[in-house]
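Contents: one structure, followed by commentary.
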Amino acid sequence: MQRLDKLLSEAGVASRKDLKAMIKAGRVTVDGQTARTPETKVDETTARVCVDGQPVGRQRTVLLMLHKPAGYVTSTDDPRDKTVMELIPDRYRYLKPMPVGRLDKETEGLLLFTNDGQLAHRLLSPRSRVWKRYYAEHEGQAGPEDVEAFAAGIVLRDGDRCLPARLLPQGPGKSLVEVCEGKYHQVRRMLASRGMPVTYLRRVAEGSLELGDLPIGQIREVALRELTAETTGL
Ligand code: URA
């Protein structure tokens with residue numbers, strides 16, 4: 001037999017201090033009964049322990065979509081800057097979602113989080129050919145030669161060659177860019193290499209998942225059935 005708070009902290013659910021509050025708030029059940037104290041003794045080999053109705057141990061897969069604001073770094077920990085982890089509501093924290101890829105500090109838009117490493121890999125791998133769509137505001141105006149250069153594979157200023165990408169001009173100083181890989185500052189560097197430095201960047205879609213009207217700074221849970229072959233590359 002083991003104390004409930006010890007069992008839950010060892011399962012990585014939350015700190016002992018936070019668990020105390022969660023148990024007091026009635027969020028933890030043991031074999032279907034709400035647990036009232038952290039000292040409750042449970043048989044760790046047979047008890048079915050749930051937090052917010054979700055079984056502990058066999059944690060469910062979670063996929064979250066954040067509308068990232070500018071000013072946050074995509075990192076789990078940073079000595080100076082605010083991190084995207086601060087925008088994850090408490091009710092998801094114990095599921096340990098991690099960012100899928102990254103957006104630059106100044107880039108806004110769609111950022112996914114999951115606790116499923118294989119899913120993250122499928123979404124990120126250039127071999128999966130998952131298209132990421134960006135709305136960019138930039139200097140100058142994109143023309144047909146730029147569209148062709150993107151389709152052929154832009155060679156960045158440091159000589160690195162990008163996979164073929166799509167450039168869809170949207171009028172003076174505005175373009176949509178679609179890429180299926182994630183090099184450092186890729187979209188900014190691609191447009192800069194064509195003489196169109198970016199002044200604003202927002203990711204609006206990843207495969208079939210669209211940012212839609214999710215308010216900035218907000219998170220929504222993505223149902224796994226929303227993932228299509230276009231999104232996972234399968
Ligand atoms: N390309 C960029 O330049 N920045 C991002 O954050 C994502 C893609």
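The figures here come from the full heavy-atom set of this structure, side chains too, leaving out hydrogens, waters and symmetry mates. Counting starts at 1 for both ligands and their atoms, following the listed order.
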Next on the checklist: Residue-level breakdown please: for Asp104 versus ligand 1, do any non-hydrogen atoms fall below 4.0 Å on the side chain, on the backbone, on both, or on neither?
Outcome noted: both

Checklist entry - Taking heavy atoms and a distance under 4.0 Å, where does Val198 meet ligand 1: side chain, backbone, both or neither? => result neither

Compute the shortest N/O to N/O distance between [X] and ligand 1 and return yes if it is under 3.5 Å, no if not.
X      : result
Val187 : yes
Arg188 : yes
Tyr134 : no

Item to check | Arg188, Lys68, Arg202 screened by side-chain hydrogen bond (donor to acceptor under 3.5 Å, both in side chains) with Thr107, the one that passes | outcome: Arg188

Checklist outcome for this item: Note: ligand 1 atoms sitting under 4.0 Å from heavy atoms of Thr107 are 4 (N), 5 (C), 6 (O)

Item to check | Distance-only donor-acceptor check, side chains Ser75 and Arg102, under 3.5 Å | outcome: no

Checklist entry - Are the side chains of Leu110 and Met65 in touch, meaning some heavy atoms are under 4.5 Å apart? => result yes

Checklist entry - Of Arg133, Lys132, Arg203, Arg129, which meets salt bridge (charged side-chain N to carboxylate O under 4.0 Å, His left out) against Glu178? => result Arg133

Item to check | Leu64/Thr114 under side-chain contact (heavy atoms from CB on, under 4.5 Å): CA gap, chis, key distance, verdict | outcome: CA-CA 6 Å; Leu64 304 172; Thr114 185; over 6 Å; no

